[in-house]
Structure formats: C-alpha cells, structure tokens
2 protein chains.
Amino acid sequence: MDGSISEPVKTKRSRPVLVADEIKEWVVKKDLKSGDKLPNESEMIDLFGVSKGTVREALRILEAQGLISTKTGPGGGSIVAKVSVERTRALLANYFYFQDLSIADIYQMRKVLEPELAASLAGKLSKEQLSQLKQLVDKYPQPSKSAEEEREQHIASLAFHQKLSEFGENKLLGFIIGFMAQILTDLTLYKRLYEPPNVKLWQEGREHQLKLLEVLQDGNSEKARKVMQSHMLIAEALMHKQEAEIVRRFIAE
Amino acid sequence: MDGSISEPVKTKRSRPVLVADEIKEWVVKKDLKSGDKLPNESEMIDLFGVSKGTVREALRILEAQGLISTKTGPGGGSIVAKVSVERTRALLANYFYFQDLSIADIYQMRKVLEPELAASLAGKLSKEQLSQLKQLVDKYPQPSKSAEEEREQHIASLAFHQKLSEFGENKLLGFIIGFMAQILTDLTLYKRLYEPPNVKLWQEGREHQLKLLEVLQDGNSEKARKVMQSHMLIAEALMHKQEAEIVRRFIAE
DNA sequence: TAAGATTTGTTCGTATGTATC
DNA sequence: GGATACATACGAACAAATCTT
C-alpha cells in the first residue's frame, strides 16, 4: 500500500512506521480487499522480526488512517477496512484547522460545484431517491417561528445537499460537496442565534428545492443547473449573516 | 482537539484511542499552536494513568494523522505539528483507493474549478509569482519529439497548475486543485507510453498557458476564466488518450 | 450458563539509541 | 568525551474481550 501520491522521503522513519509500510505493501502484494484478514499479532512479530509493542504501534497507525480495523477474541485480529467517508472528512478537516477558511471560500466552491452536480443528476434519479429528497424538503414545510427552528430547518436543508451528493457517479465531486455540507452543518449547530428568522429568504430557498426536484425528475439538465445556481445565492445570503469563525475546532479521528 | 466534524459515536474505543482523544482535548484546551511542546512520555503516563506502551500507541495515532511530530534526545518529545498538505493528500487518496475515480470524473471538476481559480487570481499575482509560472511554461518551449519527452512536458504543465493553486486565497479550492494535479501527475509518471506526441494539441496547450499569464497580469478576470476553460478542454483531450486506471495504488502515511 | 480457547489489550522492567550540553 | 534527558524497543506476564462447545 504505497506509491501513487508521492510523499517527500522521510530521513529517519521509526520502526513502527516502517512496519506499517511493510504491512501496506503486504496487503497490496497479496491484493487483499476490504474485509480480508491480516496476520495476527504473533505472526507479524515473526514475520517482521520486531516486538509486540512495535507491531501494535504499527497497527494503531494503520487504524488511525482508517485502513484496518481490529477485533479481539477467536476469529478476531485485524482486517483490511474501507476507509470511511466520515473518517476521511475528519482527516481533511484537521488540515483546515491550520488554514483560514471563510464562509466565502466555501461558497465560492459551492456555487460552481453544486450546479454541476445538479446538472449531472438530471433524469438519473430513481423514484426512491427522489422521494428521499422530498422527505427532507417536507420536514419543515412552514416558515420557522423562532431562531432555534430556523437552525433546524437550515440543517435539514444541508442534509438535502448531503443526500444529493451521495447520488452522483462522480465520487470526488460527491465527497467535496458532502464535506462542505458537513462543515456548514457543524457551523450551524454551534452558531449563536441572534438574527430573527428571515421568512422571505427561507421561502425562496424551499421553493428552489421543490423546483429542483421537479426538473431533476424531468431530466432537464440545464434547468437543474440554473435552479441550483439561484439556490446557492440564497443559501449564501442566509449563511453570510453569520460571518462566523470556521473550522476552528480540532477533529476526532 | 475534537468536535467540529461529528463522527459517529464508537462503542468500544480502545485505550490508546481514548488517550489520543484526551491529548487532542488537552491541546485545544491549552490552545497550543503548531510547534508547542506536549508533555513527555513519563508525564503523560502520570497525567492519564496509563502505561508507557499505551501512551506510545496514542502518540503513533496522532503522528499518523499528522497532528504531532516526535523527536528523541534532550529537549525532544512531541510537538504539535501543522498537518501538511502532502500528508493530507495521501490520506484523501487512501479514501479513493476504495472508490472508482475516472479521468472523466477529475476533469468534470477541473473544468469548473480551474477557471474559477484563474478568474479569482487575475490581477492579484506578484511579479515574482508570474515569473515562477513563466519558468514552468518555458521549461519545454519546443514540441516534444518523443513520447518520453511528452511525458515530461505534461508533468511540467501539471506543475504549472499546482503552482497556480498555491497562489489563491481560497485554501479549499487550492487544495482540491492541487490534489487533482497530484493524481494526474502520478498517473502520468506511471503511464505506459504508446501514443506518438500530438504536436497540435501540445502547441495549443502551451499557447493557452502563455495567454493565461498575459491576462492574469492584465487583471482581466473574465478573460482568464475563458482562457482556462479552453485550456481544460485541451488538457482533457490529451489525458483521455490514456483512459487509464486511476488511483489504484495504496498510499504511504 | 459456564468453561475453555483464542486473540487482542495493557502493564512493567530493562536495555538501547540519540541528541544536547 | 561524559553526563543528562529523552524517545525507542524488547520480552514476559497478566487482563479483557469474544467465540465455541
């Protein structure tokens, strides 16, 4: 398991890191797939000629990166794991803990990516998928009365985009859009509420989502793009009210 | 160090993972910045009431995520580290090891993101930055004679985009573009060469980059967007010749 | 339910390596 | 070079989880 993305050569890699690399190589060489078993601890001790502690540190490294998971007991041991989207998001968010990311930055991307996703999904969604989206829109059919209620509606709206991002064929596009929706959701969860609900903006947002579902079903790709573009402008306006600090929290593994 | 991105609650987190979480919390609570020292091993043993082995596994977890780095010797120990862009790319690439990513997927994104970046950079680049870019364009002023030479030119061209992505204000946009450039570079490095150089496409590509530098300097934002759009179409055509398998390698830590 | 087997989880003592003064 | 302060690594023992019978 190494190669593709070239990392700068480390001069003095510690033994656990080296063992972790060996395990990755071993997995790639044997072409193990998600779910396949790795040798157990004592076998690795023999295999790599290191102590138990070193093997365990190597396994923790791989686990932290989401590449393996480990179970105790008979039939236990470590298996190759698919890196989960949740962990990947967390890892990526850790990077941005040290960068300055603003709401404006996120919306600069959303404004081009979300319409692209919408366009590529037009006419491609199943009945089941469309109804899942409809449910999210219908969760809060009435304008919110309180700031607290508006928060919940905003989160539901982001869940709509999150869901949409899962339906596309392009996994990279889906991941990035989902990542941004996650950041905005967490931001909304923690934000202080001081603004009164903006009924007009909300109304427009909801109408956009309904309209979007319609054109997605019709299969009108360019219309879908347009509707999503307008929708993003509304969403940006709603979000900019809270020119909050962003991603200034550290992330769990 | 936890919070923002909400991960599903794990039922049975092992002690090293718990200790890693505690260390992260400790860092956030004390508001430690990149470079600040963490307690040393024996202090952590007292602090968290666990053994040396457990502390070490916890440290390897944090190290694997790029959050700390460790040095031996007097004055050594662990310090908070800025998560590097290289490691973050590698971590993200690990996720896509298990997904299917095609050249088409990457270009669907490049076609909207690269023009956006170009537009936002128009008129914002320093003389020094422009000359750095110019150097990369000038690296191979002549059409390539061999497939091998074309490979090198292609990589230089990707380095141009990589460099450009570092100059923007939007760190998320920059990261994603840099990530894609990295994938394409690695792909190009490993690709088998069977096509003869396409002089015409190359010529057009180079002219686009020169034109782009020009309009970036002039500060013509919309022109920059347009030029980059055309350039992406060329790049896509060059790349599609090699409908290669992509990101099918595992990544080092 | 209970016992036993299997595999990881955790601790401790000790020794070695490494960088600084 | 020697002393010091720190991480690195090993090995043996025991604890805990989980599966099987």
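Throughout, protein chains are lettered first and strands after them, A, B, ... in sequence-line order, and every chain is numbered starting at 1. Source: prediction; values computed, not measured.
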Per the side chain to side chain donor-acceptor pair (under 3.5 Å) rule, which among B:Q135, B:K134, B:E128 passes with B:Q132?
B:E128

So, OP1 or OP2 of C:dT11: does either fall under 4.0 Å of a side-chain N or O from B:S51?
yes

Can you tell me which nucleotide in C:dT18, C:dT7, D:dC10 comes closest to the side chain of B:P74?
C:dT18

At under 4.0 Å, does any side-chain N or O of B:R56 touch on OP1 or OP2 of D:dA7?
no

What integer distance in Å separates B:L18:CG from C:dT10:C1'?
13 Å

To the nearest angstrom, the CD-P distance between A:E63 and C:dG9 comes to 7 Å

Taking the side chain as everything from C-beta on, heavy atoms only, tell me whether B:Q209 gets closer than 4.5 Å to B:H161.
yes

D:dA16, OP1 or OP2 - any side-chain N/O from B:R15 closer than 4.0 Å?
no

What is the distance, rounded to the nearest whole Å, between atom CD1 of A:I61 and atom C1' of D:dT8?
13 Å

Euclidean distance, atom CD1 of residue B:I45 to atom P of D:dT8 [Å, nearest integer]:
13 Å

In whole Å, I'd like the distance from the CG atom of A:N40 to the C1' atom of D:dT18.
15 Å

C:dT11 phosphate, OP1 or OP2: any side-chain N/O from B:T54 under 4.0 angstrom?
yes

Separation of D:dA12 P from A:E41 CD (nearest whole Å)
16 Å

Quick one: label B:T70 by what it contacts on the DNA or RNA (base, sugar-phosphate, nothing), any heavy atom closer than 4.0 Å.
sugar-phosphate

Answer yes when B:R60 and B:E63 have at least one side-chain N-carboxylate O distance shorter than 4.0 Å, and no when they do not.
yes

A:E57 has an atom CD; how far is it from atom P of D:dA9, in whole Å?
7 Å

State whether the distance check finds a donor on one side and an acceptor on the other, under 3.5 Å, for side chain B:K52 versus base C:dT14.
yes

Starting at the 5' end of DNA chain C, which residue's closest nucleotide do you reach first, B:G75 or B:G53?
B:G53

Take A:R56 and A:E41 through the salt bridge (Lys or Arg N to Asp or Glu O under 4.0 Å) test and state the conclusion after the steps.
CA-CA 8 Å; A:R56 287 183 57 78; A:E41 279 186 7; 2.7 Å; yes

A:F48 CZ to D:dC10 C1': how many Å, rounded?
17 Å

Show, in sequence, the C-alpha distance, side-chain angles and deciding distance for A:Q65 and B:Q65, and conclude whether the side chain to side chain donor-acceptor pair (under 3.5 Å) test is met.
CA-CA 7 Å; A:Q65 299 178 156; B:Q65 299 177 345; over 6 Å; no

